[in-house]
> 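Below you'll find the structure I mean.
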Amino acid sequence: MARKPAQKDVSAFTPPPSPQREVRRAQVDISFDNQSLLGALFGQFDANLVQVENRLGVFIAARGNELHIEGPEDSVARARDVLKAMYDKLAIGQDLDQGAIEALISMSDEPTLDGIVDAEPKGPPIMIRTRRKTIVPRSAMQATYMRSLVRDDIIFALGPAGTGKTYLAVAQAVSQLINGSVQRLILSRPAVEAGEKLGFLPGDMKEKVDPYLRPLYDALYDCMPPEQVERRLASGEIEIAPIAFMRGRTLADAFVILDEAQNTTREQMKMFLTRFGQNSRMVICGDPRQVDIPGGDGMSGLADAVGKLEGVEGFGTIRFTAADVVRHPIVGRIVEAYEGPSA
């Protein structure tokens, strides 16, 4: 199959070996039975193949329904597994975009790759179904998190932006609301400004707090049709409110999510956790290194709660790192740069 020349990102290649270590080179051919999937597998102008080449430092040549891969032995093995996983996703009707390919490439370096990717067609897949999409894990830690979301009563999800903490929690909450496992979905976060003073905000109470809660709305609209979101908001099945509105309530038969939890005080966190009611689940998301409240992380209710409750029965703690960032690869590099030893 002829390919339009594509500019490769040389900076993304696997770093060259040191002179003292000889890298063994290899080549392998893989074939695919369903030729109708090859267009989506290769991408427009073979863009998907070029993405794999750039990230793994291999050369891939398409010949009909076969791919020939050449390069360092380890990279060739990873490229083969990634391409097979890409094909398997298409074969079971899942979408294949740049982010999904990046996730498969990242997971190909994890020891759990076989359990996440290759086992999907054989056993029960790890996924969340909503009205608008089916969501699968894009990192090994996301798979662990998704299991915790259906197992533990209260989950602390810790880590940097872009790891899917809030998005996966909202998706799981929407899924349980749709299938009737819970009666309400409650989303909350502290109304704390991120390092700047916005001053007086006009409008009624909803208009004043909505800017702080916009990320939660965005996740909802990605998982449900807009008209359903609006209808459920109007009926009270979905509630989005600042944490200050939680005082004095018992949240039963509900899936409750607290976002940006690092910006709660100890008193707010204790108040929020004690709202837990029968047949409920709570997910507390936050990045302990991004505290915006006065006093820094020493005042953070999130760090205090994790220190007191980690290991207690019914609680789960998931820790994401920069390696789990599933946005553009450069976001992971930014997080690593800011959280390095000199940060």
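None of the values given here were measured: they were computed from a predicted structure.
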> So for atom CD, which belongs to E227, do other residues, nucleotides or ligands contribute more than 12 heavy atoms lying within a distance under 6.0 Å?
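Yes - once you tally the heavy atoms of other residues, nucleotides and ligands closer than 6.0 Å, there are more than 12.
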> Identify whether the distance between the nearest side-chain nitrogen and carboxylate oxygen of E73 and R78 falls below 4.0 Å.
no
> Can you tell whether the side chains of R319 and E310 come within less than 4.0 Å, N to carboxylate O?
yes
> I would like to know whether E239 and R249 meet salt bridge (charged side-chain N to carboxylate O under 4.0 Å, His left out); could you show each step before the answer?
CA-CA 13 Å; E239 179 182 349; R249 304 177 60 184; 2.7 Å; yes
> How about E70 and H68: does a side-chain donor come under 3.5 Å of a side-chain acceptor?
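Distance-only check passes for E70 and H68.
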> Are a donor atom and an acceptor atom from the side chains of Q172 and Q176 found within less than 3.5 Å of each other?
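The criterion, which ignores hydrogens and geometry beyond distance, is satisfied for Q176 and Q172.
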> Which atom names give the shortest non-hydrogen contact between C223 and I135, and what distance separates them?
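Minimum heavy-atom contact is SG-CD1, 4.4 Å.
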> Report yes or no: do Y221 and L185 belong to one cluster of Ile/Leu/Val/Met/Phe/Trp/Tyr joined by side chain heavy-atom distances under 4.5 Å?
yes
> Compare every heavy atom of S188 with every heavy atom of A241, then report the nearest pair and how far apart it is.
O-OG, 2.8 Å
> Could you check whether any side-chain heavy atom of M141 comes within less than 4.5 Å of a side-chain heavy atom of I318, counting everything from C-beta outward?
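SC-SC contact between M141 and I318 confirmed.
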> Specify the closest pair of heavy atoms between V312 and K308, including all atoms of both residues, with the distance to one decimal.
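Answer, listing the atom of V312 first, then K308: CG2-O, 4.2 Å.
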> Could you tell me whether the side chain of N54 and the main chain of Q51 form a donor-acceptor pair under 3.5 Å?
no
> Calculate, to the nearest 0.5 Å, the distance between atoms CD and CG belonging to E313 and D152 respectively.
10.5 Å
> Answer yes or no: is there a side-chain heavy-atom contact under 4.5 Å between L41 and N48?
no
> With a 4.5 Å limit on heavy-atom distance, are the side chains of L302 and L158 in contact?
yes
> Do V174 and F255 have side chains that approach each other closer than 4.5 Å (heavy atoms only, starting at C-beta)?
no
> Less than 4.0 angstrom from a charged side-chain N to a carboxylate O is my criterion; do K84 and D88 meet it?
no
> Using only heavy-atom distances, determine whether the side chains of N65 and S31 contain a donor-acceptor pair under 3.5 Å.
no
> List the atom of L149, the atom of L168, and the distance in Å for their closest heavy-atom pair.
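L149 and L168 have their closest heavy atoms at CD1-O, 3.8 Å.
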> Side chains of L187 and L220: closer than 4.5 Å at any heavy-atom pair?
yes
> Determine the minimum heavy-atom distance between A169 and V283, stating which atoms define it.
CB-CG1, 3.9 Å
> Do N34 and Y87 have side-chain atoms, one donor and one acceptor, less than 3.5 Å apart?
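There is no such pair between these side chains.
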> Taking all atoms of both residues into account, what is the closest heavy-atom pair of L38 and G64, and its distance?
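Answer, listing the atom of L38 first, then G64: CD1-O, 3.7 Å.
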> D46 versus I60: any side-chain heavy-atom pair under 4.5 Å?
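In short, these two side chains do not touch, never coming nearer than 4.5 Å.
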> Yes or no on side-chain hydrogen bond (donor to acceptor under 3.5 Å, both in side chains) for D324 and T163, after CA distance, side-chain angles and deciding distance?
CA-CA 5 Å; D324 300 305; T163 51; over 6 Å; no
> Is any side-chain N of the basic residue among R189 and E260 closer than 4.0 Å to the acidic one's carboxylate O?
yes
